[in-house]
**Student:** 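Could you have a look at this structure, given as structure tokens, before my questions?
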Amino acid sequence: MAENKGILVYGELAGGKLASITTELLGCGRKLADDLKEDLSCLLVSDTVGEASKEAIAFGADRVYTVEDASLKQYQADSYMQVAEKLAKELSPRAILMGQTSIGRDLAPRLAFRLGVDLATDCLELSIDPEAKLLMRTRPVYGGNAQATFSSELMPQITTVRTKAMSPMERDDSRKGEVIPTKVEIDASKIRTKIVETIKEEVAGIKLEDAPVIVTGGRGVGGPEPFKTTLKELADILHGAVGATRPPADNGWVPSAMHIGLTGKIVAPDIYIAVAVSGASQHVAGCSGSKNIIAINKDPEANIFKEAKFGVVGKYEEVVPAFTNKLKEILAG
Amino acid sequence: MPINMIVCCKQVPDPEAPPAVFKVAGNKMTLPADVKPVISPYDENALEAALRIKEKTGGKITALSLGNKLVRDVIKKSLAVGADELILLEDEAFEESDSWSTAYALATAIKKIGQYDLIFCGRQAADWDAGQTGLGIAEILGIPAVSVARKVEVTDGKVRIEQVIPDGYEIVEVALPTLITVTSELGDLRYAALKGIMAAAKKQPTVWKPADIGLEPSQVGAAGRHSKLNKLFQPVKEAKCEIIEGDSPEEAGANLAVKLREAKLL
Ligand SMILES: Cc1cc2nc3c(=O)[nH]c(=O)nc-3n(C[C@H](O)[C@H](O)[C@H](O)COP(=O)(O)OP(=O)(O)OC[C@H]3O[C@@H](n4cnc5c(N)ncnc54)[C@H](O)[C@@H]3O)c2cc1C
Ligand SMILES: Nc1ncnc2c1ncn2[C@@H]1O[C@H](COP(=O)(O)O)[C@@H](O)[C@H]1O
């Protein structure tokens with residue numbers, strides 16, 4: 001087999017544009033490729049890729065492989081795997097970077113096992129070991145209670161990267177690169193699953209991932225109501241969004257799309273207000289990138305106070321309305 | 001049609017133990033003795049998914065666990081809640097497995113079990129949080145797999161799955177046999193009834209060593225890994241939380257607003 005060279009970013013599209021995770025992967029992939037003095041490629045798979053291939057170059061790719069096919073409109077493991085496997089074998093990169101997104105989580109393990117190589121998921125930091133030229137991949141383990149660095153000599157070294165963990169490069173439309181349309185015959189007989197229906201449970205208002213302020217309710221708020229009243233009022237005056245820990249989502253108090261953490265959404269707002277949240281490591285994993293965490297909890301020993309910049313110890317039913325009213329006054333005046 | 005189901009259950013240290021008790025020493029996670037092992041929470045959800053199918057459609061549930069020195073009281077919970085059989089891949093040689101060597105041994109054991117329509121795994125184990133073993137087993141067995149399921153139903157030889165996606169869910173259909181990874185939205189594992197606990201106490205798990213599934217010790221555990229653990233560590237956090245006080249909780253709340261303005265956060 002050919003020698004493995006270069007970094008391949010497995011790209012994703014969102015609304016016809018490059019997804020933000022892909023710009024982040026290109027940012028970190030560019031650094032790794034430069035350290036290795038090798039190339040950075042990006043693979044884009046969809047029914048139509050369009051302008052996103054130019055975006056990928058502007059964000060750092062030297063080459064963009066586009067695979068377009070009507071059957072690739074929606075992600076399905078058995079069709080996308082055909083593309084990923086073929087390109088991984090043909091391009092034989094040193095490393096493949098994917099996002100720790102719903103696609104990456106599903107595709108990366110299948111690809112790693114299909115190719116018989118190693119995978120490190122949900123990485124926060126990547127670097128090149130100068131001697132062995134191997135990727136040093138650091139990821140949280142034990143729910144975020146520790147971190148571990150892994151390496152593997154098997155090529156390609158497949159890695160998924162947590163959203164918002166890496167910074168994209170400044171977009172530069174003058175960057176030069178090559179777009180390589182690539183044909184992959186999708187064998188429909190190999191697609192064993194059928195998507196019968198897609199149900200969107202979109203939450204009204206600002207998207208959690210984009211909100212500058214998030215007010216998150218934990219199990220301690222006691223039920224579905226406060227998410228619609230006390231917490232929403234606070235979020236509204238700060239032009240923010242309401243989020244939740246996992247228990248409110250598991251209990252059906254809120255849609256699961258609102259849940260933040262290791263297995264939910266990863267957010268990094270300017271202000272993160274955690275209300276009746278204990279601060280379990282698995283939850284903090286999803287919000288520790290926030291600039292300022294503010295905690296309101298009746299238990300002074302709650303772990304969330306170890307993460308927070310400001311805190312109030314007290315029952316949220318008493319603290320939050322007064323906090324909201326005072327904010328209203330301040331913001332009006 | 002009775003369904004043959006296998007549920008992969010991993011024993012892990014209680015992931016909800018307070019963060020302060022997790023300590024790294026000599027590249028290993030050490031926990032005080034009072035932190036009890038549990039079945040990894042998503043595997044409990046997976047067990048619940050299987051139990052619901054057994055209730056509705058009928059079938060057999062085999063719980064399968066790989067490790068060493070598995071605590072019987074912990075892992076036999078699977079029997080107490082209604083699994084019919086428990087198979088342990090238990091041996092020193094299985095220690096320090098990674099996702100690859102775990103999936104390889106589990107898939108090999110599943111081949112030995114032979115009859116399976118549905119294999120359930122948790123979406124990720126609560127110790128190493130890898131989230132790959134289930135999909136890996138499906139690849140090795142060459143069967144389809146659907147990840148992050150919040151509901152699973154079997155009708156007419158087909159499985160109907162609600163798969164969680166970023167802003168909602170998808171209804172996916174797939175033929176048997178298939179592998180499914182389960183998420184917490186599916187619902188908590190039921191409590192064991194007294195009758196179940198008593199029946200479980202009488203049952204003994206089947207224990208398989210590497211040789212019993214036709215593997216050499218060099219193919220499993222630490223020796224069969226694809227990844228090398230270079231370093232396990234705990235980044236230091238400078239925790240500095242300013243607690244805002246007041247004569248009453250209401251006053252503290254109002255003072256918090258004032259503080260945020262002073263700190264120019266608003
Ligand atoms: C593998 C794995 C993955 C996980 N992934 C996630 C994830 O992605 N996201 C996530 O959130 N969790 C996740 N969890 C669960 C996590 O471990 C915790 O169980 C969960 O985050 C706890 O949520 P909580 O803080 O809302 O509830 P609790 O831990 O029950 O805390 C409730 C808090 O509310 C306080 N409180 C109660 N009443 C009041 C009141 N009236 N006023 C003020 N304070 C009050 C209490 O003092 C307490 O601190 C995961 C767990 C595992 C094992
Ligand atoms: N040692 C094990 N024994 C039984 N099942 C396991 C083991 N390791 C992993 N699994 C299964 O695979 C899932 C995903 O594990 P992981 O890839 O380690 O996150 C778990 O939720 C279990 O269902």
Side-chain angles (χ1 to χ4, degrees), chain A residues 102 105-106 109-110 112-114 117-122 136 140-143 145-152 154 192-202 246 249-250 256-257 262-263 271 280-281 292 303 305-306 308-315 318-320 322-323 326-327 330-331, chain B residues 15-16 18-19 22 24 29 99-100 103 123-124 126-132 135-136 139-140 144 146-147 164-175 183-185 226-235 237 239 241-244 249-250 252-254 256-261 265-266:
Chain A
S102 77
R105 275 190 173 114
D106 190 77
R110 297 176 196 259
F113 277 83
R114 181 79 55 95
V117 300
D118 177 52
L119 162 67
T121 53
D122 204 17
M136 293 292 133
V141 294
Y142 286 87
N145 286 310
Q147 294 188 6
T149 305
F150 291 99
S151 62
S152 175
L154 298 166
R192 298 165 292 184
T193 52
K194 185 172 148 216
I195 301 174
V196 183
E197 205 182 336
T198 303
I199 293 101
K200 292 270 177 200
E201 287 180 328
E202 249 145 348
R246 199 180 73 182
D250 287 351
S256 60
L262 185 64
T263 48
I271 301 181
S281 304
N292 301 284
N303 192 63
F305 290 119
K306 297 213 175 75
K309 192 171 211 165
F310 299 111
V312 174
V313 178
K315 289 174 87 175
E318 293 161 358
V319 177
V320 174
F323 175 47
K326 190 72 186 177
L327 280 175
I330 292 175
L331 292 171
Chain B
E16 307 220 11
F22 288 80
V24 172
M29 182 58 83
S99 301
W100 179 273
R123 63 181 291 182
Q124 70 191 50
D127 48 2
W128 294 95
D129 291 310
Q132 12 177 332
L135 294 167
E139 270 300 318
I140 296 169
V146 178
S147 59
V164 177
I165 53 166
D167 292 300
Y169 62 95
E170 257 166 15
I171 298 175
V172 180
E173 270 180 11
V174 58
T183 185
S184 54
E185 286 98 327
H226 273 180
S227 66
K228 178 175 166 209
L229 174 63
N230 297 80
K231 191 167 98 181
L232 184 68
F233 62 103
Q234 290 174 301
K237 271 186 256 184
C241 181
E242 186 178 335
I243 299 290
I244 311 297
E250 288 81 2
L256 176 62
V258 174
K259 186 77 205 180
L260 296 188
R261 169 47 58 102
L265 295 185
L266 301 174

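To find a chain, count down the sequence lines: A is the first, B the second, and so on, and within it residues start at 1. FYI, side chains are in, hydrogens and waters are out, and symmetry mates aren't considered; it's all heavy atoms of this structure.
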**Student:** Quick check for you: among A/Y142, A/F305, A/F150, which has the greatest number of heavy-atom pairs under 4.5 Å with chain B?
**Tutor:** A/Y142
**Student:** Below 4.5 Å, heavy-atom pairs only: which of B/G168, B/G131, B/P144 has the largest tally toward chain A?
**Tutor:** B/P144
**Student:** Would you mind checking which part of B/K228 comes under 4.5 Å of any heavy atom in chain A, side chain (CB onward), backbone (N, CA, C, O), both or neither?
**Tutor:**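 Both parts, backbone and side chain.
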**Student:** Need one label for A/L119: side chain, backbone, both or neither, based on atoms under 4.5 Å from any heavy atom in chain B.
**Tutor:**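 Both parts, backbone and side chain.
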**Student:** Could you tell me which non-hydrogen atom of B/P166 sits nearest to which non-hydrogen atom of A/A257, and how far apart they are?
**Tutor:**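 Looking at all heavy atoms of both residues, the shortest contact is O-CB, 3.6 Å.
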**Student:** What residue, out of B/S227, B/S99, B/A103, B/P15, has the most heavy-atom pairs lying under 4.5 Å from chain A?
**Tutor:**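 Max contact count across the listed options: B/S227.
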**Student:** Apply the test side chain to side chain contact (heavy atoms under 4.5 Å, CB included) to residues A/F323 and B/L260: give CA-CA distance (whole Å), side-chain angles for both, the deciding distance (0.1 Å), then the verdict.
**Tutor:** CA-CA 11 Å; A/F323 175 47; B/L260 296 188; 3.6 Å; yes
**Student:** Could you have a look at A/T193, A/L331, A/V313 and say which one has the most heavy-atom pairs with chain B under 4.5 angstrom?
**Tutor:**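 The answer is A/T193.
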**Student:** How close do B/P249 and A/V319 get, heavy atom to heavy atom, and via which atoms?
**Tutor:**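 Answer, listing the atom of B/P249 first, then A/V319: O-CG2, 3.8 Å.
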**Student:** As an exercise: rank A/K309, A/M136, A/R105 by heavy-atom pairs under 4.5 Å with chain B and give me the winner.
**Tutor:**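 Going by pairs under 4.5 Å, I would pick A/K309.
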**Student:** Identify which part of B/A126 has an atom lying under 4.5 Å from any heavy atom of chain A, answering side chain, backbone, both or neither.
**Tutor:** backbone
**Student:** Side chain to side chain contact (heavy atoms under 4.5 Å, CB included) for A/L262 and B/D129? Distances and angles first, verdict last.
**Tutor:** CA-CA 9 Å; A/L262 185 64; B/D129 291 310; 3.6 Å; yes
**Student:** Looking at B/N230, B/V174, B/V258, which has the largest count of heavy-atom pairs under 4.5 Å with chain A?
**Tutor:** B/N230
**Student:** Between B/P18, B/A130, B/A257, which has the largest tally of heavy atom pairs under 4.5 Å with chain A?
**Tutor:** B/A257
**Student:** Can you classify the ring geometry of A/F113 versus B/W100 as parallel (below 30°), tilted (30 to 60°) or perpendicular (above 60°)?
**Tutor:**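 Rings of A/F113 and B/W100: parallel, under 30°.
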**Student:** Please state whether the side chain, the backbone, both or neither of A/L154 comes within less than 4.5 Å of a heavy atom of chain B.
**Tutor:** side chain
**Student:** Determine the option with the most heavy-atom pairs under 4.5 angstrom with chain B, choosing from A/K306, A/R114, A/K315, A/K200.
**Tutor:** A/R114
**Student:** Tell me, side chain or backbone of A/D106 under 4.5 Å from chain B's heavy atoms, or both, or neither?
**Tutor:**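 Both backbone and side chain of A/D106 come within 4.5 Å of chain B.
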**Student:** Relative to chain A, which segment of B/I243 carries a heavy atom at a distance below 4.5 Å: side chain, backbone, both, or neither?
**Tutor:** both
**Student:** Check each atom of A/V320 against the heavy atoms of chain B and say whether the ones under 4.5 Å are side chain, backbone, both or neither.
**Tutor:**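 Contact with chain B involves no heavy atom of A/V320 at all.
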**Student:** Picking from B/E185, B/K259, B/Q234, B/E16, which has the most non-hydrogen pairs under 4.5 angstrom with chain A?
**Tutor:**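 Sorted descending by pairs with chain A, the first entry is B/E185.
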**Student:** At a 4.5 Å cut-off on heavy atoms, which part of A/N303 comes close to chain B: side chain, backbone, both, or neither?
**Tutor:**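 Interface part for A/N303: side chain.
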**Student:** For A/S102, is it the side chain, the backbone, both, or neither that has a heavy atom closer than 4.5 Å to a heavy atom of chain B?
**Tutor:** side chain
**Student:** Between B/P235 and chain A, which part of the residue has a heavy atom less than 4.5 Å away: side chain, backbone, both or neither?
**Tutor:** side chain
**Student:** Would you mind telling me which of B/S147, B/A254, B/A175 has the largest number of heavy-atom pairs within less than 4.5 Å of chain A?
**Tutor:** B/A254
**Student:** Examine whether an atom of B/E139 lies under 4.5 Å from a heavy atom of chain A, and if so say whether it belongs to the side chain, the backbone or both; otherwise answer neither.
**Tutor:** side chain
**Student:** Flag the one option from A/I271, A/I330, A/D122 with the top tally of heavy-atom pairs under 4.5 Å to chain B.
**Tutor:** A/I330
**Student:** Which heavy atom of A/A146 sits nearest to which heavy atom of B/L232, and what is that distance?
**Tutor:** CB-CD1, 4.2 Å
**Student:** For B/I140, is it the side chain, the backbone, both, or neither that has a heavy atom closer than 4.5 Å to a heavy atom of chain A?
**Tutor:**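 Interface part for B/I140: side chain.
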